[in-house]
Amino acid sequence: MKRFIPFIVFVVLAIFFYVGLSLNPREVPSPFIGKPAPAFAQPQLFESDKAFAPADMKGQVWLFNVWASWCVSCREEHPFLVELSQAKRLPIVGLNYKDQPDAAKGWLAQLGNPYTLSVVDPEGKIGIDYGVYGVPETYLIDRAGVIRYKHTGPVTREAWQEKFEPLLKELGV
């Protein structure tokens, strides 16, 4: 029996490695799924005298996209967000995360602005409340203000079709 112990340990470790390597590292379960979007009131990027709060979007299905001008992956997803905004299917609210306002405004002027509005989060406090650990991240929030899905990384056409579309149909959008 002692001869088989190393083999059994090897098989158990191989199973753990196989399962671990088959998982998508971008799909990290969020404890916020199915819970109300964390509340905040924060100034808007282009109208700093106006504040935005998630409660302002009650009654609408909307995307909350965390982005920054310094983020390389945000540049990758940006053309698709612009395309989504042109379809006017649902509002996209941006969270400009740990960025300089002038750099953010210049970035949007150069690449197009897909956002209904963007709020600023210069210190990343809102990001902490939403469990952001990297940009870009996108949240799908329903009419009741409940987070239905969190996407980590750039929103691509494939991710949109596979993850967002079924939920949007479920939500009647």
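Heavy-atom basis, side chains included; hydrogens, waters and symmetry copies ignored.
Looking at P54 and W62, their side chains come closer than 4.5 Å, going by heavy atoms from C-beta outward. I147 is not listed as a side-chain neighbour of F64, based on a closest heavy-atom distance of 4.5 Å or more. Residues V93 and D56 have side chains not in contact (no heavy-atom distance under 4.5 Å, counting atoms from C-beta outward). No side-chain heavy atom of V135 sits less than 4.5 Å from a side-chain heavy atom of S73. In this structure, L108 and F46 have side chains that are in contact, with non-hydrogen atoms separated by less than 4.5 Å. With contacts defined as side-chain heavy-atom distances shorter than 4.5 Å, the pair L90/L140 qualifies.
Of the inter-residue distances, the one linking K125 atom NZ with Q42 atom CD reads 9.0 Å to the nearest 0.5 angstrom. The structure places CD of E76 at 11.0 Å from CG of L81, a figure rounded to the nearest 0.5 Å. In this structure, CD1 on I92 lies 11.0 Å from CG on L117, to the nearest 0.5 angstrom.
Between the side chain of R89 and the backbone N or O of L84, no donor-acceptor pair lies under 3.5 Å.
In terms of hydrophobic clustering, with Ile, Leu, Val, Met, Phe, Trp and Tyr side chains grouped at heavy-atom distances under 4.5 Å, L171 and V155 are assigned to a common cluster. Under the 4.5 Å side-chain heavy-atom criterion for Ile, Leu, Val, Met, Phe, Trp and Tyr, V132 and V146 are members of distinct hydrophobic clusters.
Applying the ring-ring contact (aromatic ring centres under 6.0 Å, His included) rule to Y139 yields the partners Y130; only residues at least two apart in sequence or on another chain are considered. For F164, the ring-ring contact (aromatic ring centres under 6.0 Å, His included) partners at least two apart in sequence or on another chain are Y149, H151, W160. Residues forming a side-chain contact (heavy atoms from CB on, under 4.5 Å) with P43 (at least two apart in sequence, or on another chain): V120. W67 meets the side-chain hydrogen bond (donor to acceptor under 3.5 Å, both in side chains) test with S118; sequence neighbours excluded. Under the rule for a side-chain contact (heavy atoms from CB on, under 4.5 Å), K58 has no partner lying at least two apart in sequence or in another chain. In this view, D142 and R148 satisfy the salt bridge (Lys or Arg N to Asp or Glu O under 4.0 Å) rule, not counting sequence neighbours. Under the side-chain contact (heavy atoms from CB on, under 4.5 Å) criterion, S69 pairs with D99, A103, W107, not counting sequence neighbours. Take R3 and apply the side-chain hydrogen bond (donor to acceptor under 3.5 Å, both in side chains) test, not counting sequence neighbours, and it matches no residue. The side-chain hydrogen bond (donor to acceptor under 3.5 Å, both in side chains) search around N65 returns E77, Y115, T138, not counting sequence neighbours.
The two residues P114 and S85 come nearest to each other via the heavy atoms O-CB, 3.2 Å. Shortest non-hydrogen contact noted between P91 and M57 is CG-CE, 3.5 Å. Contact record, I126 with F40: CD1-CD1, 3.6 Å, taken as the closest heavy-atom pair. When every heavy atom of K98 is checked against every heavy atom of E123, the shortest pair comes out as CE-O, 3.8 Å. Nearest approach of I141 to A37, heavy atoms of both residues: CD1-CB, 3.9 Å.
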For side chain to side chain contact (heavy atoms under 4.5 Å, CB included), just list the numbers for L168 and V61, CA-CA rounded to whole Å, side-chain angles, deciding distance to a tenth of an Å, and then say yes or no. CA-CA 8 Å; L168 290 171; V61 176; 4.0 Å; yes
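Counting non-hydrogen atoms of other residues, nucleotides and ligands closer than 6.0 Å to CD of E158 gives a total of 12 or fewer. Remark: Q100 CD is loosely packed, at most 12 non-hydrogen atoms of other residues, nucleotides or ligands lying under 6.0 Å away.
Applying the salt bridge (Lys or Arg N to Asp or Glu O under 4.0 Å) test to every pair with at least one member in residues 107-121, sequence neighbours left out, gives no pairs at all. Judged as a salt bridge (Lys or Arg N to Asp or Glu O under 4.0 Å), the pairs with a partner in residues 37-52 (not counting sequence neighbours) are, in order, E47-K50. Screening residues 128-140 for salt bridge (Lys or Arg N to Asp or Glu O under 4.0 Å) gives E137-K150 as the qualifying pairs, with residues at least two apart or on separate chains.
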